[in-house]
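Single-structure report; data block below.
Order of appearance sets the numbers: ligands from 1, and atoms from 1 within every ligand.
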Amino acid sequence: MNRTIEQIREDFPILSQNINDRPLVYLDNAATTHRPKQVIEAIERYYKEINANPHRGAHKLSILSTEAYEGTREKVRAFINANSTKEIVFTKNTTEALNLIAYSYGMNFIEEGDEIAISIAEHHSNLIPWQQVASAKKAILKYLYTDSEGRIPCSELRDKIGPKTKLVSIAHMTNTFGIINPVKEIINYAHDMGALVILDGAQSVPHRKVDVQKLDADFLVFSGHKMMAPMGVGVLYGKEEILEKMPPFLYGGDMIEYVWEQKSTFAELPFKLEAGTQNVEAVVGLGAAIDYINETGIENIEAIEEELTTYALDKLKEIPYVTLYGPKDTLNRGGVISFNIEGVHPHDVASIVDTYGVALRAGHHCAQPFMKYMKINSTSRISFYFYNTKEEIDVFIESIKNVRKWLGYEPK
Ligand code: PMP
């Protein structure tokens, strides 16, 4: 990487802010990331110089808007190595992309008695849509349960995925314990059984190379806001032959070919699945975010985060009243760390460290069935992006050491 961490941080105006009179230490990147000025400026330029409805108009601004929108589609295609831009559909976020698959594919191709397999560690976005499909189609929703570290044992694949399985939907990386699931093995195994596989890439695509052709994923979904782009844009990748079979999810303008009084025919891919005016400025921001990631190097991002995660895990392990969840090293785990402080509710942890300028997340992390399965009420969670530093982790560790003091516990 040809830039220092100081130069990188200068690109993110928000990071130089003080929160509660302390420098911001932002460790909530699994929830959303910050935007560099390159993304902010790309959106500003779009508003100042283009701002027109794409695809529809013959006037210059509409043509420029179409170029900006479709230009990002090509950047996304190259970023995940899809075969064609027809396979890239813009959605609002990961959640909408998963719902699109559930409503368009699930409700039309899943039949009574079919099985859908997901892991117990899925985010609610990758769980509730399948409950809905299973209940509407009288299908069976099966769970792959994890071991105590949050990993899926091979035996679960053999026990839960079989000839009746039609869909497997799985997080590439979990947002609770940061587990990187063995998705290549899962995809190979599911394909052998005749099932399609959806990868929830919300936590993986921003942080490590994801190549849909190498993985042979049938679908991949992710959110722009977790990779420095604005909120309000997400991506659905699907293999062309599968998307081709799927009926539209939403109906209206932009997704049609011809419309008569009593029937309509629909546009070709990907437009068939993008009804109505899209969030073009957010898509433009996503294009700038991908440029930023490419200039930084996704492998550099992964390496920086691995170093930060090792550093934080080692520091947390030294504190006797901290319980760490998930693997204690960085083998097949990303930069998300869940923990609890003995005797202190995670919401109190989050509020107290906030007074030190530290932003972290507390709660069930939209994974209630997993938390119940793990017999945990809630956790505190820190999560990194490549703009974080070891010095920030030191501030976080100091703030953690003060939590019990604040609440009147004696030193351990
Ligand atoms: N899946 C995973 C693994 C996530 O971490 C998240 C966001 N926390 C989502 C899905 C949902 O993302 P969004 O809210 O952007 O739709």
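Residue pairs meeting the side chain to side chain donor-acceptor pair (under 3.5 Å) criterion with at least one member in residues 115-124, sequence neighbours excluded: S119-E122, E122-N126, H123-S125. Contacts classified as salt bridge (charged side-chain N to carboxylate O under 4.0 Å, His left out) and involving residues 363-373 (residues at least two apart or in different chains) are not found.
Classification of the H345-H347 ring pair by plane angle, with boundaries at 30° and 60°, yields parallel.
Enumerated by chain and number, the residues approaching ligand 1 to less than 4.0 Å through a heavy atom are N93, T94, T95, H123, S125, N175, D200, A202, Q203, S223, H225, K226.
The side chain to side chain contact (heavy atoms under 4.5 Å, CB included) test applied to N377 returns no partner, not counting sequence neighbours.
Note that K184 lies outside the cation-pi zone of Y189, set by a 6.0 Å cut-off to the ring centre and a 45° limit from the axis.
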Evaluate L286 against M227 for side chain to side chain contact (heavy atoms under 4.5 Å, CB included), listing each step before the verdict. CA-CA 8 Å; L286 177 61; M227 51 191 286; 4.1 Å; yes
